[in-house]
Number of protein chains: 2
Amino acid sequence: MTKSAAKPNDHDAVDVRDRILETASTLFYERGVRAVGVDLVVAEAGVAKTSLYRHFGTKDDLVAAFLAREDEDFWGTWGRVAEKHVDDAEAELDAHLEWIGERVGRPNYRGCPQINVAAEFPEADHPARRVAAAHKRELRRRLKGIAERLSARRPDELAGQLALLINGAFVSSQVLEAEEATPLLQRTAHALIAAARSS
Amino acid sequence: MTKSAAKPNDHDAVDVRDRILETASTLFYERGVRAVGVDLVVAEAGVAKTSLYRHFGTKDDLVAAFLAREDEDFWGTWGRVAEKHVDDAEAELDAHLEWIGERVGRPNYRGCPQINVAAEFPEADHPARRVAAAHKRELRRRLKGIAERLSARRPDELAGQLALLINGAFVSSQVLEAEEATPLLQRTAHALIAAARSS
DNA sequence: CAAGAAACAAACAGGTCTGTATCGTGGAGG
DNA sequence: CCTCCACGATACAGACCTGTTTGTTTCTTG
């Protein structure tokens, strides 16, 4: 909190802190958090190790910042898609499943960062685990909002079903064909919506 | 392969190899693979480190053996449940979702070992990754068999949907109430089955 | 121009990791 | 009885890890 709001130096186009976080995020996602040491991060980012520890107190905090960044990106995309379908909840859900399925099918897709980090750090009080847990709660909360607009008889149940579906897609890239994800997600969602409306 | 079939020593009730694998499996699952060193495994198992490296050439091989053991356990339970419902595929699926949901709701549940290890080791050629990939393919294969017996119009699609559902449950224990998992799984499966039969 | 903040560079501390090497012991099978 | 070998115990090698320390340089700002 000593700086960052005011720009201390714009000589380098990007802030040092941003460059560290950007580099760390890529490395953490591609190779796993525990497999990437801080020495590699600073070497790849071209910064001094002291800079990393000034901006992020510990590696754990850097991991939490990584997940927070992914969280913001995710809801940023979500929000941009959502505002195109304010009048049609089913179309909005379809659109979300579209870009989620597209991501899952990408060649270098390595799963949901939040889930991966949670798998790497069992301790429930790890700073990154809090971010991950909040992210998953937020997913279910937003899905419940959509379920309500869909006039589901039990919106929270439909939200739970859709959350299972999406999280399942995140971890199933191993057994999913690239083009299969989106249509499978959408057809499944349609079946669940129909069931949630009738009986 | 030098022993194990013939019993070289039954003086100790359990084989040294089994004791190592048993101990390692518990530690790996509870704390994560990378967080557990071989020194801890041998100390906890009460064996010499040389014994560990004699039976398992490397730690990676021990991890693969851990997943293979979990795989066998999983399909062992699956098989015992399946043979009680040879005449009713829907009842069999319900029964599977019953014990899977029960496991997911357990207090110390830490997710599917296969998924967790895959998250910890990005390298596709890691020995444990092969076990994990085969496990997930086998899940979808068995689900397809059930889908066929259910006379689904597209059995492979229904199998894919059910696989998403089950894998989603494995990773959603963070946001799922303990008693919520089984009924949510079963009601979702029923909706998907109904949809797969009609249209 | 002067002062202070921020960055770089490089070494270091102290611990942990995987894997190996060495030596001693005790039981099983020929 | 005697030889083999699985096993235990321990020390070690070499690499890697997080985090700190020290000192210098560069940039911003008053």
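Proteins come first, then strands; the chains are lettered A, B, ... in the order of their sequence lines, and each starts at number 1. Predicted model only: the values in this text are computed from it and were never measured.
Remark: C1' of D:dT22 and OH of A:Y53 are 17 Å apart, rounded to the nearest angstrom. B:L52 has its CG atom 16 Å from the C1' atom of C:dA21, to the nearest Å. Distance A:E120 CD to D:dC17 P: 14 Å, rounded to the nearest Å. Computed from coordinates, the B:D61 CG to C:dT18 C1' distance equals 13 Å when rounded to whole Å. Put simply, NE2 on A:H126 is 13 Å from C1' on D:dT18, counting in whole angstrom units. Atom-to-atom, CG of A:D18 to P of C:dA7 comes out at 11 Å; the value is rounded to the nearest Å. Rounded to whole angstrom, the span from the CG atom of A:D15 across to the P atom of C:dA5 amounts to 17 Å. Between the NZ atom of B:K59 and the P atom of C:dG19 there is a distance of 9 Å, rounded to whole Å.
A:R80 forms no cation-pi arrangement with A:W99, by the criterion of a distance under 6.0 Å to the ring centre and an angle within 45° of the ring axis.
Applying side-chain contact (heavy atoms from CB on, under 4.5 Å) to A:K144 and the options A:R141, A:E148, A:R140 leaves one that passes, A:E148.
Distances shorter than 4.0 Å separate none of the side-chain N or O atoms of A:R34 from OP1 or OP2 on C:dT16. Taking only side-chain nitrogens and oxygens, B:T50 never comes nearer than 4.0 Å to OP1 or OP2 of D:dA6. Put simply, B:R54 has a side-chain N or O that comes within less than 4.0 Å of OP1 or OP2 on D:dC7. Phosphate proximity of C:dA7 to A:H55: present, with a side-chain N or O under 4.0 Å from OP1 or OP2.
In this structure, a donor-acceptor pair under 3.5 Å is absent between the side chains of A:R103 and A:S173.
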Derivation and outcome, side chain to side chain contact (heavy atoms under 4.5 Å, CB included), residues B:E92 and B:R149 | CA-CA 11 Å; B:E92 179 190 335; B:R149 288 161 56 206; 2.8 Å; yes

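Heavy atoms of B:G57 sit nowhere under 4.0 angstrom from any nucleic acid atom.
In the set D:dG8, D:dG19, C:dA7, the nucleotide with an atom closest to the side chain of A:V16 is C:dA7. Of the candidate nucleotides C:dC8, D:dG8, D:dT18, D:dT18 has the atom lying nearest to any side-chain atom of A:K49.
The residues A:E22 and A:R69 are annotated as salt-bridged, a charged nitrogen and a carboxylate oxygen being separated by less than 4.0 angstrom.
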